Amino acid sequence: MRKLILLLAIFMFSSCEKKPSPAETSKHLISAMSKYLASENDTNKFKFQVLGVEYFEDSAFYECDFTIKMRAIKAGKDTVGIMRARISKNYEAVKRRS
């Protein structure tokens, strides 16, 4: 009986999903936004660099404010601004917000 209880306890503790740290979450969000910007925009005209992120964690997604540096390739001009996006918990779906 003790072995069964011990086995069940080990199974319960090992099956719990570890919540990522805020630093890990920020890293994943920045990576997801970088991939989105590279795939959705003409990278021959503009280069985007994600400088940072502030986010709010909801039950199904992250509500994010990204600090983005955008550089025009031919004109040689750049600017820094804020882009808002909603990113799914698995970091796959990115939806820009205004």
Side-chain angles (χ1 to χ4, degrees):
M1 185 68 172
R2 288 184 183 176
K3 289 182 182 180
L4 180 62
I5 293 172
L6 180 62
L7 183 62
L8 286 173
I10 290 172
F11 178 73
M12 285 175 43
F13 288 118
S14 66
S15 66
C16 294
E17 186 176 332
K18 180 185 169 198
K19 186 174 181 178
S21 70
E24 290 172 336
T25 302
S26 293
K27 180 180 160 188
H28 290 300
L29 292 170
I30 288 172
S31 175
M33 187 62 167
S34 296
K35 288 178 188 175
Y36 171 80
L37 290 172
S39 68
E40 294 292 320
N41 295 292
D42 188 358
T43 56
N44 293 326
K45 294 181 181 178
F46 300 102
K47 292 289 181 191
F48 296 94
Q49 180 183 5
V50 182
L51 302 176
V53 63
E54 293 179 22
Y55 66 91
F56 171 76
E57 184 176 356
D58 202 351
S59 60
F61 56 86
Y62 294 99
E63 194 71 49
C64 306
D65 286 343
F66 292 95
T67 304
I68 306 286
K69 180 177 182 180
M70 183 182 78
R71 184 170 56 93
I73 302 290
K74 292 184 181 179
K77 297 180 180 180
D78 65 350
T79 187
V80 176
I82 302 292
M83 286 186 182
R84 291 187 172 164
R86 183 176 279 181
I87 300 179
S88 64
K89 288 285 194 159
N90 63 1
Y91 309 106
E92 296 294 321
V94 177
K95 293 185 181 178
R96 288 270 319 269
R97 297 178 51 108
S98 53

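These numbers were taken from a predicted model, which means no experiment stands behind them. Values reported hereafter were calculated over all heavy atoms of this structure, with side chains retained and with hydrogens, waters and symmetry mates removed.
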Side-chain touch Asp58/Glu63, heavy atoms, less than 4.5 angstrom
no
CD on Gln49 to CG on Leu37, rounded to 0.5 Å:
11.5 Å
Under 4.5 Å between any side-chain heavy atoms of Asn44 and Ile73, yes or no?
no
Spatial distance of atom CZ (Phe46) from atom CE (Met70) [nearest 0.5 Å]:
5.0 Å
Close side-chain approach of Phe66 to Ile87, heavy-atom, < 4.5 Å
yes
Verdict with supporting geometry, Tyr62 and Thr25, side chain to side chain contact (heavy atoms under 4.5 Å, CB included):
CA-CA 10 Å; Tyr62 294 99; Thr25 302; 3.7 Å; yes
For Glu24, I'd like to know if atom CD has over 12 heavy atoms of other residues, nucleotides or ligands within 6.0 Å.
yes
Does Glu57 pair with Lys89 as a salt bridge, N-O distance under 4.0 Å?
yes
Could you state whether Val94 and Ile30 fall into the same hydrophobic cluster, counting links through intermediate Ile, Leu, Val, Met, Phe, Trp or Tyr residues with side-chain heavy atoms under 4.5 angstrom apart?
yes
Mind checking the CD-OG1 spacing from Glu54 to Thr67? Nearest 0.5 Å is all I need.
6.5 Å
Would you say Val53 ends up clustered with Tyr91 if hydrophobic residues are merged whenever their side chains have heavy atoms under 4.5 Å apart, either directly or through other cluster members?
yes
Within the 4.5 Å heavy-atom criterion, are Ile68 and Leu51 side-chain neighbours or not?
no
Would you check if Phe48 and Met33 make a side-chain contact, meaning some heavy-atom pair closer than 4.5 Å?
no
